[in-house]
2 protein chains.
Amino acid sequence: MATRIVEPEAGPRSKRAAILTAAVDCFGETGFEATKWSTVAERVGIGQTALYHYFESKTHCLLTIMRLELQRSHDKFTEATESVADPVEALRAAVRGAYDVSDHEVLQMRILQSHMDLLAGPRKSKREEAERVAARRLVQLVERDWTHLLVRGMSQGSFPLRDAQLLGAAVLGLIVSVWRWYRPSGPTPLSEISELIEGACVRMVAM
Amino acid sequence: MATRIVEPEAGPRSKRAAILTAAVDCFGETGFEATKWSTVAERVGIGQTALYHYFESKTHCLLTIMRLELQRSHDKFTEATESVADPVEALRAAVRGAYDVSDHEVLQMRILQSHMDLLAGPRKSKREEAERVAARRLVQLVERDWTHLLVRGMSQGSFPLRDAQLLGAAVLGLIVSVWRWYRPSGPTPLSEISELIEGACVRMVAM
DNA sequence: GATCAACCTGAGCCAAGTTCAATTCAGTTT
DNA sequence: AAACTGAATTGAACTTGGCTCAGGTTGATC
C-alpha cells in the first residue's frame, strides 16, 4: 500500500525528461486540448510517434505531469511545516511554501488545477489509470495535510472550532485559485499575492 | 458600447433552448471534452448536423452557456446587494446569493469554472469570438461587483484598508472554488457550505 | 562483430467535429 | 389550393489530430 509510482529508469539517451518539460511549457501556455501532441514532439526534436515510446497517450503524459506536481506540493507542505510547532506559524509557513515556486512550477500548478476533474472518472488503459490513482491518492494526502493542520490548531485552542474538512477545502481552494489568473509577466508580483493570501488564511482560520 | 448580445429570437419550433439544456447536462456531468457533440443531438432528438443550425460549433455552444451563466451571476449579485446599505451585510448577502442556485445552475457554474481559460485567447470564428468578448466583459463586471463592494466597505471604515483588487479576486476565487468539488448528491448540503464560506469571507475582509 | 534492448520512424487507421448540397416542413401569399 | 418562403433537418463526404503498426537504427555489452 501507499505505493509511490516508480519513475521509469532513465536510460542515458532517454528523452522522457525533455518531453515532460516541453509538455509543461506547451500545456501551460497553450492549454492541453489546444496544443497538438505533435508540437511537443517537434519541440523535443523527435517524430510524433516517438512520444509513444515514453507515454501511452497525450493524456498519460498530462496525468504524469499532474502526479509529479501533486507530489511536489505534498513534499513542500511537509518541508515547510515540519519544524514549526505553533499552528498559526505553521499555517503561515505552509501558505508561503505554496507560493514559493519557479515559473515552470507555476505552469505545472496551472495545468494541475485546470484538469483536476480528470482524476474523477477511471481511465481505460493500465498506465493512465495507474497515474490517475496515484494522483488521486496524492490529492487526498494534500487535503489531509491542510485539514490536519487545522485540526491540530483547533484542538490546541489556537483556532476556533469549525468543520475542519470543509474549512480545509476552502483554504486550499483559496490558495490554488490564484493559479487560474496569475501570470509571472503580470502586474502583481507573487510575493505580494503570497502576503495577502497568507493574511487572509490566518483570518479565515484563526479568528 | 456595453453591448449585451441579442439572443436570437426563438421561432416556435426552435430547439435552441432544448440544446442548451441538454448541453449543460452533458458538459456538466461528463465534461465538455468527454461528451460527444452527437450525444447532445441524440438527447434533443435531432441529427448531429442539425446542431449547426443553432451553433457554429461545439465550442460556440460552450461559450454561450458560459456567457449566460456569467450574466446570471452578475444579475444575482446586483439583486442580492442593491438594497443593503451596510457593507458587512451586503457581503453576507452577496455570498448567500452566490450559493442560492438550482441543481442545473450548479452544473452551469461547474462548466463555467472549468473553462475560464477559454476566454483568454481570441477565437477564429465570428460568432464564437462575439460570445467570448461578451463573456470576458461579464467576467470584468463580476470582478468589479466584488471589488466595488470591498472598496465601499473600506472607505466607509467597515473593512480595514487592503488591496481591494487582489482581495476581491481572492474572495471570488474562494467562493467559486466550491464548484470544482461540490455535488448535490454529496454528503455536504450547500446551505452548510454557504454558511461556512460566508463567515470565512467576512473574516477575510472585515477583520 | 554479434546481440539485444532501448529508441525512433513513415505510412496509414480511426474517431469525432465539421461542411455542404439537397430535402422537408410550417406558415404566408396570391 | 397552388405557389412560395425561410427555418429546420439530413446523409454523405471531408478534415484534423491522436494513435497503431511493422519494421529500422543506435549503442552498450559480451
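Chain naming here is simple, since letters A, B, ... match the order of the sequence lines and numbering starts at 1 in each. Predicted, not measured: the structure shown is a model, and the values here were computed from it. Values reported hereafter were calculated over all heavy atoms of this structure, with side chains retained and with hydrogens, waters and symmetry mates removed.
No donor-acceptor pair under 3.5 Å is formed between the side chain of S194(A) and the backbone N or O of L190(A).
Regarding contacts with the backbone of dC8(C), every side-chain N or O of H53(A) stays at 4.0 angstrom or more from both OP1 and OP2. Within the structure, every side-chain polar atom (N or O) of K15(B) is placed at least 4.0 Å from both OP1 and OP2 of dA7(D).
When each of dC7(C), dT20(D), dT18(C) is scored by its nearest atom to the side-chain atoms of Y52(A), the top-ranked nucleotide is dT20(D). The side chain of I46(A) lies closest to dT9(C), out of dG18(D), dT9(C), dC20(C). When distances are taken from the side chain of T49(B) to each of dT20(D), dG11(D), dC8(C), the shortest belongs to dG11(D).
Residue Y54(B) is in sugar-phosphate contact alone, with no base atom involved, counting any heavy-atom pair closer than 4.0 Å across all strands shown.
Atom CG of residue D163(B) and atom CG of residue L196(A) lie 6.5 Å apart, to the nearest 0.5 angstrom.
In this structure, F55(B) places its CZ atom 13 Å from P of dT18(C), rounding to the nearest Å. Distance E128(B) CD to dG17(C) C1': 12 Å, rounded to the nearest Å. Atom NE2 of H60(B) and atom P of dT19(C) are 13 Å apart (whole Å). Across the protein-nucleic acid pair, E56(A) atom CD and dC21(D) atom P stand 12 Å apart, rounded to whole Å. Atom NZ of K124(A) is separated from atom P of dT20(D) by 13 Å (rounded to the nearest Å). Look at CD on Q48(A): it is 9 Å from C1' on dC19(D), rounded to the nearest Å. Spacing between atom NZ of K58(B) and atom P of dT19(C) amounts to 15 Å, rounded to whole angstrom units.
In E105(B), the CD atom is crowded: over 12 heavy atoms of neighbouring residues, nucleotides or ligands sit closer than 6.0 Å.
Using modelled atom types, one finds a donor on one side chain and an acceptor on the other under 3.5 Å when comparing E131(A) with T64(A).
Between R132(A) and E129(A) there is a salt bridge, since a side-chain N of the basic residue sits under 4.0 Å from a carboxylate O of the acidic one. Salt bridge present: E128(A) and R123(A) bring a charged side-chain N and a carboxylate O closer than 4.0 Å. Ion pairing between a basic and an acidic side chain is recognised when a charged N comes within 4.0 Å of a carboxylate O; K76(A) and D100(A) show such pairing.
Of the residues in residues 30-44 of chain B, not one places a heavy atom less than 4.0 Å from an atom of DNA chain D.
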